[in-house]
Amino acid sequence: MSYARVLCVGLVGVTGHLVEVEADLAPGLPAVVISGLPDTALHEARDRVRAAVVNSGQRWPNRRITLNLLPATLPKFGSAFDLAIAVALLGGSGELPLLPLDGVAVLGELGLDGAVRPVRGVLPMVAAAAQAGVRRVIVPAGNAAEAAVVPGVLVRGVDTLHRLVSFVRDGAPLIEPPADDPPPAVTGPDLAEVAGQGVGRRALELAAAGGHHLALIGPPGAGKTMLAERLPSILPQLEDDAALEVTALHSIAGLLPAAGRLIRRPPFQAPHHTATVSSIVGGGSGLARPGAISLAHRGVLFLDEAPEFSKAALEALRQPLERGRVLLSRSRGAAEYPAGAQLVLAANPCPCANPAGDDRCECAPLARRRYLGRLSGPLLDRIDLQVRLQPMRAAELMETAAPESSVLVAARVVEARQTAARRWAELGRRLNAEIPGPDLRRLPWRLPGRDTAELRTRLDSGSLSARGFDRVIRLAWTIADLDGRARPDKEDIGEAIVLRTGEAA
């Protein structure tokens, strides 16, 4: 036999595609040709596979070898095809009977010694294989726990090419995924550690309940960072579909822990203010990798000292915040990643950042405007809650009564989210922040004119944009949900205006 075929999976962005690895061995000068839009890592596979095959005790066929990756129009990236190429090549040379691998997807990178090394993105690859009807996969032993998360797929691991050859030839057992140990107890910052700042705590709870973006502006030591870091602690645990999506993104980025279990807690990303555009929204040579906003999908992206970020990095967030996805186009193709993160900005009100607040600010008015002006109007227009925090007072700091813990606040958040999910079920939405503006402005969800009079006046005067109008309405629905009312009233809209603009309604 001079022809063999083995299944593998290619990854473009977060989407996997079933790939057929074909090997044809023909008489002629010894050579290895790879076709099917391979990248540099795949072109180098010929040398890795040759060394791995020889060092595993197998005979290398001295013939003209043509390797084709179908579909040929789909770009192929990475080293996850190594193991499938080696097995297809040995099958085509007659060394291996490939019947045991019929309908089995094979993934893994080969070392020169024949060791099978873990690769990134195994979870979305296995999920794509399962969606295509594949029910058995062979992955590197280091990725077995991660792959076993996908339901309905029989996963086996291999640590060497020799073990896989023994399985195909003699039926030797492969490595079973490790047992799924109970997840460790969740620990982290607690809202009870934040003293005072009632307005900030209220804004944080509203952001969690409705999925709203949040900006915290105040002097140093006011608690901006402490509040932002505790937002994940009051968010609900991720459901199965969301957990699979988040875990797949972290798998692509190579950030999964060794246990490989599903990520159930909403992720938290806090890049340094020197971060580049590529690190924030995604990028890199070849196939673009997910950035911080995608790694924070279903969680929180926190930009501390937001005015210190580059203008390009901040402005690059505008489209992902609006669409919930980021499309990264490169010369070799485009990759689309989900980017449904809650954005939290923290900023000092001026360059001097006097802890006493505005009363002792030494900055000129122009300097103050320029500093916060680094956060552009279009970006701030997408932030539902824009809260100004006051300096901490001694009475607040020395208060003996313990503030509410994250557990108590999280229970209210879950109840408010359940209320919103029931209300918007017919629209296919779950959070107030996701509701399209036209749906909010038509019956039966349109609010009475007497309650929205102040809001309409601000829109007509130009002090509020049409986007801001809709975001105030969404925020008012969240306020009503948290306070146990069926619909927002005039007071809810007034509070939403204050939290949106920092002005008195």
Check: Checking Lys76 side chain against Leu69 main chain: does a donor-acceptor pair fall under 3.5 Å?
Finding: yes
Next item on the list: Could you tell me whether the side chain of Thr452 and the main chain of Leu455 form a donor-acceptor pair under 3.5 Å?
Entry: no
Next item on the list: Please report the C-alpha distance between Arg323 and Glu336 in whole Å, then the side-chain angles of each, then the deciding distance to 0.1 Å, and finally whether the salt bridge (Lys or Arg N to Asp or Glu O under 4.0 Å) criterion is met.
Entry: CA-CA 12 Å; Arg323 297 180 59 232; Glu336 188 175 37; 3.6 Å; yes
Margin query: Once rounded to the nearest 0.5 Å, what's the spacing between atom CD1 of Ile493 and atom CD1 of Ile479?
Written below: 9.5 Å
Next item on the list: Calculate, to the nearest 0.5 Å, the distance between atoms CG and CG belonging to Leu238 and Leu262 respectively.
Entry: 9.5 Å
Item checked: Minimal non-hydrogen separation, Pro189 against Glu229, with atom names -> CG-O, 4.2 Å
Checklist line | Side-chain H-bond candidate by donor/acceptor type, Ser278 with Thr276, under 3.5 Å | finding: no
Margin query: Looking at every non-hydrogen atom in both residues, tell me the closest pair between Val387 and Ala203 and how far apart they are.
Written below: CG2-CB, 3.5 Å
Check: Do side-chain atoms of Ser251 reach the backbone of Arg120 as a donor and acceptor pair under 3.5 angstrom?
Finding: no
Checklist line | Minimum heavy-atom distance between Asp39 and Phe77, given as atom pair plus value | finding: OD2-CA, 3.4 Å
Next item on the list: Output the distance between atom OG1 (Thr501) and atom CZ (Arg388), rounded to the nearest 0.5 Å.
Entry: 10.5 Å
Review item, side-chain donor-acceptor pairs of residues 210-219, under 3.5 Å, at least two apart:
from, atom 1, to, atom 2, distance (Å)
His212, ND1, Asp384, OD2, 2.7
His212, NE2, Thr478, OG1, 2.7
His213, ND1, Leu343, N, 3.0

Check: Closest approach of Ala222 and Gln390, non-hydrogen atoms and distance?
Finding: CB-O, 3.8 Å
Notebook entry, point to check: Passes salt bridge (Lys or Arg N to Asp or Glu O under 4.0 Å), Arg264 versus Asp240? Steps please.
Noted result: CA-CA 8 Å; Arg264 291 287 184 180; Asp240 290 346; 2.7 Å; yes
Margin query: Could you check whether Asp439 pairs with Arg423 (Lys NZ or Arg NE/NH1/NH2 to Asp/Glu carboxylate O, under 4.0 Å)?
Written below: no
Note to self: Check Glu434 with Arg429, please: is the shortest side-chain N to carboxylate O separation under 4.0 Å?
What the structure shows: no
Note to self: Between the side chains of Glu239 and Arg430, is the shortest nitrogen-to-carboxylate-oxygen separation below 4.0 Å, so that they form an ion pair?
What the structure shows: yes
Next item on the list: Give a yes or no on whether a salt bridge exists between Arg471 and Glu322, defined as a side-chain N under 4.0 angstrom from a carboxylate O.
Entry: yes
Notebook entry, point to check: Do the side chain of Glu109 and the main chain of Arg117 share a donor and acceptor less than 3.5 angstrom apart?
Noted result: no
Checklist line | Distance (rounded to the nearest 0.5 Å) between Leu447 CG and Trp477 CH2 | finding: 6.0 Å
Next item on the list: Of all the heavy-atom pairs spanning Leu389 and Gly223, show the shortest one and how long it is.
Entry: CD1-C, 4.5 Å
Next item on the list: Compute whether any side-chain donor of one residue and acceptor of the other, for Thr419 and Asp481, lie under 3.5 angstrom apart.
Entry: no
Checklist line | Point-to-point distance, once rounded to the nearest 0.5 Å, from CG of Leu375 to CD of Gln386 | finding: 9.5 Å
Check: Salt bridge between Arg318 and Glu315, side-chain N to carboxylate O under 4.0 Å?
Finding: yes
Next item on the list: Please say which of Arg500, Arg441, Arg382 ends up in a salt bridge (Lys or Arg N to Asp or Glu O under 4.0 Å) with Asp470.
Entry: Arg441
